[in-house]
Amino acid sequence: MELYLMRHAIAHDVGADGSRTDAERTLTAEGRANTRAAAQAMRRLELDFDAIWTSPLVRARQTADIVAEVLKKPHCLREVPELALGAAPERVIRALLRLERGSSVLLVGHEPDLSRLVAFLVWGSLDADRLDFKKGALCRVDGRFGLGGGKATLRWFLTPKQLRLLAAT
């Protein structure tokens, strides 16, 4: 399986956009622009997803919506409760195991959940060094995912700035 993980883009503080809770926070104009650039970089890299899964929180859903729109993959988009803030790696892996072998999947979620998932998949430990997953960053992890962890390979990690540079070239 090719697994891509993306952190949601920059969002407003609670109340600044009319939100009353953390779950309702929306993307800022900068967050939307950065996500569009990241999606254009994904298109330039010829990434093709069989599924795009997102946390149900508004900022993650908006990030995933933009990616799906730019890549012309709205039919692949699905809210997955296992990706909500505080997602346990084991729950996410159980959900992934329901997909077809050889699938290419983009997960859009939150920190520290995404870096914990990568640490578990690659190093087999939640205590392993974690990635500095900035808002809008994207990484690729390949392998056979199981509940034991430590059997995947970190292929690459792109910062938001690197994604914007890829989109501009």
Side-chain angles (χ1 to χ4, degrees), residues 1-43 47 49-99 103-122 126 130-141 145 149 152 157-164 167:
M1 180 179 287
E2 290 179 5
L3 183 63
Y4 298 84
L5 299 98
M6 182 178 198
R7 185 176 178 193
H8 67 79
I10 301 166
H12 292 281
D13 292 332
V14 174
D17 57 349
S19 59
R20 292 190 286 166
T21 66
D22 180 59
E24 297 172 345
R25 292 172 45 217
T26 61
L27 297 182
T28 64
E30 180 183 5
R32 287 189 302 275
N34 287 350
T35 302
R36 191 161 298 282
Q40 290 166 345
M42 289 180 209
R43 187 173 57 209
L47 301 185
F49 306 116
D50 300 308
I52 299 173
W53 287 3
T54 180
S55 157
L57 278 68
V58 173
R59 60 192 177 271
R61 177 60 194 241
Q62 289 178 329
T63 300
D65 283 341
I66 293 169
V67 171
E69 173 196 329
V70 171
L71 298 180
K72 300 183 181 356
K73 292 283 190 172
H75 58 283
C76 294
L77 187 59
R78 182 174 147 216
E79 278 187 17
V80 178
E82 289 87 351
L83 291 173
L85 198 56
E90 297 83 6
R91 288 188 64 215
V92 176
I93 293 166
R94 277 192 188 94
L96 288 170
L97 292 175
R98 294 190 301 254
L99 292 173
S103 295
S104 176
V105 183
L106 172 65
L107 305 181
V108 181
H110 309 275
E111 271 300 279
D113 306 334
L114 294 176
S115 59
R116 291 180 75 222
L117 178 59
V118 172
F120 182 76
L121 291 171
V122 175
L126 297 177
R130 295 191 189 142
L131 301 172
D132 186 13
F133 233 116
K134 301 279 187 204
K135 292 176 180 145
L138 177 71
C139 81
R140 177 178 167 183
V141 176
F145 306 127
F157 183 86
L158 295 170
T159 67
K161 183 176 182 179
Q162 290 168 324
L163 288 165
R164 286 192 303 274

State whether a side-chain donor-acceptor pair under 3.5 Å links His110 with Ser55.
->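 Looking only at side-chain atoms, Ser55 and His110 do form a donor-acceptor pair, the distance falling under 3.5 Å.
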Check for a donor-acceptor pair, side chain of [X] on one end and backbone N or O of [Y] on the other, with a separation under 3.5 Å.
| X | Y | result |
| --- | --- | --- |
| Arg32 | Leu27 | yes |
| Arg59 | Asp22 | yes |
| Asp50 | Ser103 | no |

Going from [atom1] on [X] to [atom2] on [Y], what distance comes out if it is rounded to the nearest 0.5 angstrom?
| X | Y | atom1 | atom2 | value |
| --- | --- | --- | --- | --- |
| Thr54 | Arg78 | OG1 | CZ | 11.5 Å |
| Ile10 | Thr28 | CD1 | OG1 | 5.0 Å |
| Arg43 | Lys72 | CZ | NZ | 6.5 Å |
| Leu106 | Leu138 | CG | CG | 6.5 Å |
| Gln40 | Thr35 | CD | OG1 | 11.0 Å |
| Leu77 | Glu69 | CG | CD | 11.5 Å |

Apply salt bridge (Lys or Arg N to Asp or Glu O under 4.0 Å) to the pair Lys135 and Glu111, showing each step before the final yes or no.
-> CA-CA 9 Å; Lys135 292 176 180 145; Glu111 271 300 279; over 6 Å; no
Heavy-atom closest pair, residues [X] and [Y]:
| X | Y | result |
| --- | --- | --- |
| Val141 | Ala152 | CG1-CB, 3.4 Å |
| Ser19 | Asp13 | OG-O, 4.0 Å |
| Ala9 | Gly31 | CB-O, 3.4 Å |
| Ala87 | Arg116 | O-NH1, 4.5 Å |
| Glu79 | Pro56 | OE1-CB, 3.5 Å |

Test side chain to side chain donor-acceptor pair (under 3.5 Å) applied to His12 - qualifying residues, sequence neighbours left out |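 Expected list: none.
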State, yes or no, whether a side-chain contact exists between [X] and [Y] at a heavy-atom distance under 4.5 Å.
| X | Y | answer |
| --- | --- | --- |
| Leu3 | Leu121 | yes |
| Thr159 | Asp132 | no |
| Val108 | Leu83 | no |
| Arg25 | Val58 | no |
| Met42 | Phe49 | yes |

Report all side-chain donor-acceptor pairs from residues 88-99 shorter than 3.5 Å, counting only partners two or more places apart or in another chain.
none

Taking the six-membered ring for Trp, are Phe157 and Phe133 parallel (under 30°), tilted (30 to 60°) or perpendicular (over 60°)?
->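 Perpendicular.
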